[in-house]
Amino acid sequence: MLTLQQINTDKEAVIESLKIRNRDYSKEINLIIETDNLRKQTQAEQDKALAEANNLAQQIGKLFKEGKGDEAKSAKEKAGQLKETSKKLTSQLNEIKEKLNTLLSEVPNIPNKLVPAGKTDQDNFEINSGGEKPKLHDKAVPHWDLAKKYDIIDFDLGTKITGAGFPVYKGKGAKLQRALINFFLKEAEISGYTEIMPPLMINEASGFGTGQLPDKEGQMYKMEVDNLYMIPTAEVPVTNIYRDVILTEDDFPIKMTAYSSCFRREAGSYGKDVRGLNRLHQFDKIEIVQIQHPDKSYETLDIMVKHVESLIKKLELPYRTVRLCGGDLGFTAALTYDFEVYSAAQEKWLEVSSISNFETFQANRLKLRYKSKNDKKTKLAHTLNGSALALPRIVAALLENNQTPEGIKIPKALIPYTGFDIIN
RNA sequence: GGAGAGAUGGCAGAGCGGUUGAAUGCACCGGUCUUGAAAACCGGCGUACCGCGAGGUACCGGGGGUUCGAAUCCCUCUCUCUCCGCCA
């Protein structure tokens, strides 16, 4: 969430920047400032009352020691009154603080200047593309048919065991998953990321830290009995490693990668979008996370984009890179690049990666800070993350694009990991 | 699951109702000394909020209570450790 400091220093600029999200937040921002002023005022009153009470209590202590019981008694009465007023003020203050927090957590991140105007994903700005759309043979079919033909992914079986959106990978299908996981992890390792194997369930504090709670509670599976959530992405447990941490500048950059299964309820999705591997409740993803000095986070974002691009290139998939427009930009992000690969049989672009700079938005919730060398103050760090990469749609594109009458060819870069070069 | 012990500053560890934001040691930073370093000595050393400032307030795992006054007493939650049970 935004800091009060950000809002108080330049309220107009905040409101103006948020307009690119196609909404006017001036009402919210003004209410926040108003509430904050009330907070300050109430706190000043409370501090005064408490100071007086503290003083009095000390005096009473002294009087008792000196054996002046009578004087102490009258002082006690006065203290009792003070206590009541301070109690009232305290509960008022708590209420105000809670309101302020709620208000603050409802304002999205300030978009970077590079974010283009627009409402939907149609308005995203294409900044790059590569690879070539393959020419498929006459009898080419979408990946869900290929999955059945070669018996590598069984959607019905998943439905039987669990429900829709939980596919079962079999034989070479399972091996392909494992190969992709190892390939992505290896590439991340080469780029200097430390591998993390995180818990797949998280508590409330972690969900709040990275911004899934309270905004996206409905997207997560919840274990009511233990009050835990299944992770929607490894971003959550991995970034939360640094919750409540104060770093030194020398610690930057912190680079972590993690493979995990991800669980999303995807309530409200339907139709073509969810066919086959296009949208699942459980899927596998390799995530890269960086924690960086504010001066260097955008440089880092570009490096992360390059990393993802190199993965897709090695897999020889046609892709395009887009910068998300204001309407498509996530609540917590300041700038996001998406990668889409072309899935030739369904003739669709599929989003396979999303790389974002959150600036201090997550760090503020996480209380993730660093000690500045210059002025020795603690300041909020910048957090970034990206998918590198999510498996299902990559698999969809690989299957569809590489299908031949003889079988599905495996891209060269992946063969050392699969141990086979064709699925037939 | 049962029984017990515990949670204090970066770490270790005192304090167990009154001037304790908290002894002491280590670590860390600045200085003296030294050719340099070590040692020794001197000084500094938590976070947040309010205030132009002096200063004030809050924080000893979280929340609540008792009291004029709580790190200290009570309740509750969470977590850690030890023993027993169960178990991949």
Side-chain angles (χ1 to χ4, degrees), chain A residues 1-9 32-105 197-209 213 222-229 237 240-252 254 360 363-381:
Chain A
M1 67 192 166
L2 300 181
T3 61
L4 279 166
Q5 203 190 357
Q6 278 173 298
I7 293 171
N8 278 324
T9 9
I32 285 170
I33 291 176
E34 213 176 280
T35 310
D36 188 40
N37 286 335
L38 184 62
R39 188 202 106 239
K40 286 180 191 170
Q41 195 192 316
T42 312
Q43 198 184 50
E45 280 176 49
Q46 191 214 28
D47 283 358
K48 214 173 132 194
L50 286 175
E52 219 175 307
N54 284 346
N55 207 302
L56 211 54
Q58 238 170 33
Q59 280 176 28
I60 291 169
K62 253 187 217 160
L63 289 173
F64 269 123
K65 267 191 185 162
E66 291 164 12
K68 296 175 182 167
D70 291 347
E71 285 177 52
K73 220 173 187 181
S74 71
K76 261 195 194 182
E77 264 172 52
K78 204 171 156 197
Q81 286 171 3
L82 263 175
K83 197 188 167 188
E84 245 170 75
T85 48
S86 76
K87 219 175 185 179
K88 221 181 275 171
L89 282 168
T90 304
S91 75
Q92 260 179 45
L93 191 62
N94 284 341
E95 233 169 87
I96 293 167
K97 275 185 183 166
E98 204 173 303
K99 187 180 165 195
L100 189 59
N101 234 338
T102 309
L103 287 170
L104 267 176
S105 66
M197 202 177 260
L200 302 183
M201 294 188 208
I202 48 148
N203 58 27
E204 240 173 300
S206 295
F208 181 81
L213 291 174
K222 186 176 186 187
M223 314 282 141
E224 285 288 347
V225 190
D226 298 296
N227 205 25
L228 297 173
Y229 298 85
N240 270 281
I241 291 173
Y242 286 91
R243 168 152 51 86
D244 293 320
V245 169
I246 298 177
L247 301 162
T248 67
E249 286 196 33
D250 296 332
D251 294 328
F252 295 128
I254 288 167
T360 60
N364 188 29
R365 290 180 168 219
L366 291 161
K367 301 228 182 312
L368 163 50
R369 294 165 294 177
Y370 69 97
K371 206 145 210 131
S372 166
K373 268 186 180 167
N374 285 335
D375 49 19
K376 308 226 161 154
K377 283 195 175 153
T378 46
K379 297 176 181 174
L380 293 170

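Naming: A, B, ... by sequence-line order, numbering from 1 per chain.
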message: Nearest whole Å is fine: how far is B:rC50 P from A:Asn37 CG?
response: 10 Å

field: Separation of B:rC79 C1' from A:Asn227 CG (nearest whole Å)
entry: 15 Å

- request: Could I get the full list of side-chain hydrogen bond (donor to acceptor under 3.5 Å, both in side chains) partners for A:Asp250, not counting sequence neighbours?
  value: A:Lys373

message: If you compare every side-chain N and O of A:Thr90 against the phosphate oxygens of B:rA58 (OP1, OP2), does one of them come in below 4.0 Å?
response: no

- prompt: Of all residues at least two apart in sequence or in a different chain, which pass the side-chain contact (heavy atoms from CB on, under 4.5 Å) check with A:Ile246?
  reply: A:Arg369, A:Thr378

message: I'd like the P distance from B:rG46 over to B:rC83, given in whole Å.
response: 39 Å

message: Once rounded to the nearest 0.5 Å, what's the spacing between atom CD1 of A:Ile96 and atom CG of A:Asp36?
response: 10.0 Å

Extract from the structure each pairing of a protein N or O with an N or O of nucleotides 64-73 of chain B at less than 3.5 Å, listing the distance.
none

message: Can you measure A:Lys40 atom NZ to B:rG56 atom C1' for me and round it to whole angstrom units?
response: 16 Å

- prompt: Okay, side chain of A:Thr3, backbone of A:Gln6: is any donor-acceptor separation there less than 3.5 Å?
  reply: yes

message: For the C1' atoms, the ones on B:rC45 and on B:rG21, what distance do you get once it is rounded to whole angstrom?
response: 13 Å

- prompt: A:Ser206: what forms a side-chain contact (heavy atoms from CB on, under 4.5 Å) with it, not counting sequence neighbours?
  reply: A:Ile202, A:Asn203, A:Val236, A:Asn240, A:Arg243

All pairs passing salt bridge (Lys or Arg N to Asp or Glu O under 4.0 Å) where residues 85-97 of chain A contributes a residue, at least two apart: none

field: Nearest-Å distance once atom C1' is located in both B:rU66 and B:rC74
entry: 7 Å

field: Partner nucleotide, any strand, of B:rU24 [Watson-Crick/G-U, under 3.5 Å]
entry: B:rA12

field: Partners meeting side-chain hydrogen bond (donor to acceptor under 3.5 Å, both in side chains) with A:Thr9 (sequence neighbours left out)
entry: none

task: Between B:rG51 and B:rG30, how far apart are the C1' atoms? Round to whole Å, please.
output: 29 Å

field: Residue matched to B:rC59 through Watson-Crick or wobble contacts both under 3.5 angstrom
entry: B:rG46

Could you list, one pair per line, each protein nitrogen or oxygen that sits under 3.5 Å from a nitrogen or oxygen of nucleotides 6-12 of chain B, together with the distance?
none

statement: Here the distance between atom C1' of B:rC49 and atom CD1 of A:Ile96, to the nearest Å, is 14 Å

task: In sequence, state the C-alpha distance, the side-chain angles, and the governing distance for A:Leu247 and A:Leu368, and then conclude on side-chain contact (heavy atoms from CB on, under 4.5 Å).
output: CA-CA 8 Å; A:Leu247 301 162; A:Leu368 163 50; 3.8 Å; yes

statement: Sequence neighbours excluded, the answer for side-chain hydrogen bond (donor to acceptor under 3.5 Å, both in side chains) partners of A:Asn37 is none

field: Assigned partner base of B:rU78, Watson-Crick or wobble definition, under 3.5 Å
entry: B:rA7

field: Spacing of A:Asn364 atom CG and A:Leu4 atom CG [to the nearest 0.5 Å]
entry: 8.5 Å

- request: Check the pair A:Ile32 / A:Leu104 against side-chain contact (heavy atoms from CB on, under 4.5 Å), numbers first and verdict last.
  value: CA-CA 7 Å; A:Ile32 285 170; A:Leu104 267 176; 4.1 Å; yes

field: Below 4.0 Å: OP1/OP2 of B:rA48 and any side-chain N or O of A:Arg369
entry: yes

query: When you compare B:rC42 with B:rG4, how far apart are their P atoms, in angstrom units rounded to a whole number?
result: 49 Å

Distance below 4.0 Å between A:Lys371 side-chain N/O and B:rU47 OP1 or OP2: yes

query: Whom does B:rC41 pair with, Watson-Crick or G-U wobble, provided both distances fall under 3.5 Å?
result: B:rG31

task: Please list, chain by chain and in numerical order, all residues satisfying ring pair (Phe, Tyr, Trp, His ring centres under 6.0 Å) with A:Tyr370, sequence neighbours excluded.
output: A:Phe252, A:His293

query: For the pair made of CZ in A:Arg39 and P in B:rU57, what is the distance, rounded to whole Å?
result: 17 Å

Whole-Å distance separating the CD atom of A:Glu204 from the C1' atom of B:rC77: 13 Å

query: With rounding to whole Å, what would you report as the distance between B:rA7 and B:rC16 at their C1' atoms?
result: 15 Å

query: C1' atom, B:rG25 versus B:rA3: distance in rounded Å?
result: 36 Å

field: B:rC83 - base-pair partner by Watson-Crick or wobble geometry, distances under 3.5 Å
entry: B:rG2

- line: Re B:rG53: Watson-Crick or G-U wobble partner, both distances kept under 3.5 Å, found to be none

message: When both hydrogen-bonding distances must be under 3.5 Å and the geometry is Watson-Crick or G-U wobble, what is B:rA70 paired with, if anything?
response: none

task: Quickly work out the A:Ile246 CD1 to B:rC28 C1' distance and round it to whole Å.
output: 15 Å

For residues 42-60 of chain A, which side-chain donor-acceptor pairs fall under 3.5 Å, sequence neighbours excluded?
residue, atom, partner, partner atom, Å
A:Thr42, OG1, A:Leu38, O, 2.6
A:Gln46, NE2, A:Thr90, OG1, 2.9
A:Asn55, OD1, A:Gln59, NE2, 3.1

task: Provide the distance between the two P atoms, one in B:rU76 and one in B:rC86, to the nearest whole Å.
output: 30 Å

- line: Within residues 45-52 of chain A, those residues having any heavy atom closer than 4.0 Å to RNA chain B are A:Asp47, A:Leu50, A:Ala51

task: Let me know the distance between CG of A:Asp244 and P of B:rG61, rounded to the nearest Å.
output: 15 Å

- line: The side-chain hydrogen bond (donor to acceptor under 3.5 Å, both in side chains) partners of A:Glu249 (sequence neighbours excluded) come to none

